[in-house]
Number of protein chains: 2
Amino acid sequence: MSSSITEPASAPQSKSARTRGRILDAAAHVLSRKGYAGTRLVDVATQAGLQAPAIYYHFASRDELIEEVMYVGAARVHAHVADVLAALPAATAPLDRILVAVEEHLRYELLISDYTTASIRNANQVPEPLRAKSAAEEAAYASLWRDLFAAAQDAGQLRADLDLSVSRLLLLGAMNWAAEWWNPRHRSLDDLVRTAQDMVRYGLGTGPR
Amino acid sequence: MSSSITEPASAPQSKSARTRGRILDAAAHVLSRKGYAGTRLVDVATQAGLQAPAIYYHFASRDELIEEVMYVGAARVHAHVADVLAALPAATAPLDRILVAVEEHLRYELLISDYTTASIRNANQVPEPLRAKSAAEEAAYASLWRDLFAAAQDAGQLRADLDLSVSRLLLLGAMNWAAEWWNPRHRSLDDLVRTAQDMVRYGLGTGPR
DNA sequence: CATGATTTCGAATCCTAGTTAGAAACCGTC
DNA sequence: GACGGTTTCTAACTAGGATTCGAAATCATG
């Protein structure tokens, strides 16, 4: 019930809680690949190693399951990036904070979490009622980025004429879209991170080349 | 039958051809919003102003209809951007060509075509067999961009150390993702275009600030 | 190891949506 | 304004998939 952010995959938890977690993982996996309407409980169950009806012991309905995946997806990147930023030395320059956020967002999205790609890809596909919880989370995350940009511009580290809103959305888009093409086998994540950071440094920033 | 790229919405064509076009338009509309599995023929029919079974007079199956939407979506942006580039003075600098391509891709995607957003959003959701035709088209379009980037780097207009492949994909991603958030009511498309171009000019290019 | 609670399963139900068939409506043409 | 072809409709048919139900299996604990 206390569907907090659901521990990534560590806590020893009760038997039931772990099965529940396995179902959520499976749902995230399927949802991120097949989309909202394409997510069948049979597939989720198979992936989780049980039969479809068993899902109903842990979730009231398919929609509730999906709603939670969407929420967890949004909440986790947010929490992860926020944590890393909070751990930074207070003196860290605003632009450097953005660069860190870029790196962490990309790594989390591409390495860790089916949840995040599921929530990203289905943000506009899931029916309204299911979006409430995750939308709030996304808004909060957007806010974090807005603050990062504002701080950087105040510090004169972003071009003064920059449209903060548009450039922020373009940047997030470039990163989110990476899930569509990035492939661990062909590309180094380090290169991707570096290239994205350079796009910020040189494309948005005021520093020297 | 000669499902070429299907005229955007002008040609006087036969009665039948126009209904067929209306169905395709409707399918693109629904597909871009609901995803592959969520695209119901009833919705497509309603949107096109007829009953679901009527669709079968023009298309052999739901999948065939969707396959064509995907193909047309990919083909049209490609054709549009290619045409505009071809009409440019031969002397146009490589970097300027990229800026033009950025502008045209964005305008086409956001203003003209549900097809394009449909094909973009569902590229990874549509089952393999349906992807063949559109995938080929997308590959050709990717190739166009690869050439643009290569030419610009050869001309010394892109940073020499730039990872062409990764930066190209990030740029395309930023643009494709714009369909998820850009709203004609709140944002000016001109601002978006300008900001995206600046990201290229300053973020990837070698020119002066 | 017996017992009650927890968890999962197989079978059945019900609804949705793709598809088909045949009948009507429409359209241009003589 | 009747006729043959074209286009669309209404009324089934069917399969897939969410959900429910009650029985089985599993588990923890005395």
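First the proteins, then the strands, lettered A, B, ... as listed; each starts at 1.
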Under a 4.0 Å N-O cut-off, is there an ion pair linking [X] with [Y]?
X: B:R22; Y: B:D25; value: no
X: A:R33; Y: A:D114; value: yes
X: B:D163; Y: B:R168; value: no
X: B:R20; Y: B:E68; value: yes
X: B:D190; Y: B:R107; value: yes
X: B:R121; Y: B:E180; value: yes

Mind checking which nucleotides bracket the chain A contacts on DNA chain D, 5' to 3', with an atom under 4.0 Å from a heavy atom?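 In short, chain A contacts DNA chain D from D:dG17 to D:dT20.
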
If a pair satisfies side-chain hydrogen bond (donor to acceptor under 3.5 Å, both in side chains) and one of its residues is in residues 134-144 of chain B, list it, with sequence neighbours excluded.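 Qualifying pairs: B:H78-B:E137, B:H105-B:Y141, B:R131-B:E138, B:Y141-B:W145.
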
My understanding is that only residues two or more places apart in sequence, or in another chain, count here; which of them pass salt bridge (charged side-chain N to carboxylate O under 4.0 Å, His left out) with B:D154?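 In terms of salt bridge (charged side-chain N to carboxylate O under 4.0 Å, His left out), with neighbours along the sequence ignored, B:D154 is linked to no residue.
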
Would you list the atom pairs, donor with acceptor, under 3.5 Å between side chains in residues 42-52 of chain B and any protein atom, with sequence neighbours excluded?
unit_1: B:D43; atom_1: OD1; unit_2: B:R40; atom_2: NH2; d: 3.2
unit_1: B:D43; atom_1: OD2; unit_2: B:R40; atom_2: NE; d: 3.1
unit_1: B:D43; atom_1: OD2; unit_2: B:R40; atom_2: NH2; d: 3.1
unit_1: B:T46; atom_1: OG1; unit_2: B:V42; atom_2: O; d: 2.8

Within 45 degrees of the axis of the six-membered ring of B:Y36 and under 6.0 Å from its centre: does B:R62 put its NZ or CZ there?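 Verdict for B:Y36: a cation-pi partner in B:R62.
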
Tell me, which of residues 33-45 of chain A have any heavy atom that sits under 4.0 Å from an atom in DNA chain D?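 Hits under 4.0 Å, by residue number: A:T39, A:R40, A:L41, A:V42.
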
Of residues 49-58 of chain A, the positions that come close to DNA chain D - non-hydrogen atoms, cut-off under 4.0 Å: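 Close to the strand are A:P53, A:Y56.
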
Distance check needed: C:dT7 P versus A:R20 CZ, whole Å only.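 Those two atoms, CZ and P, are 12 Å apart.
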
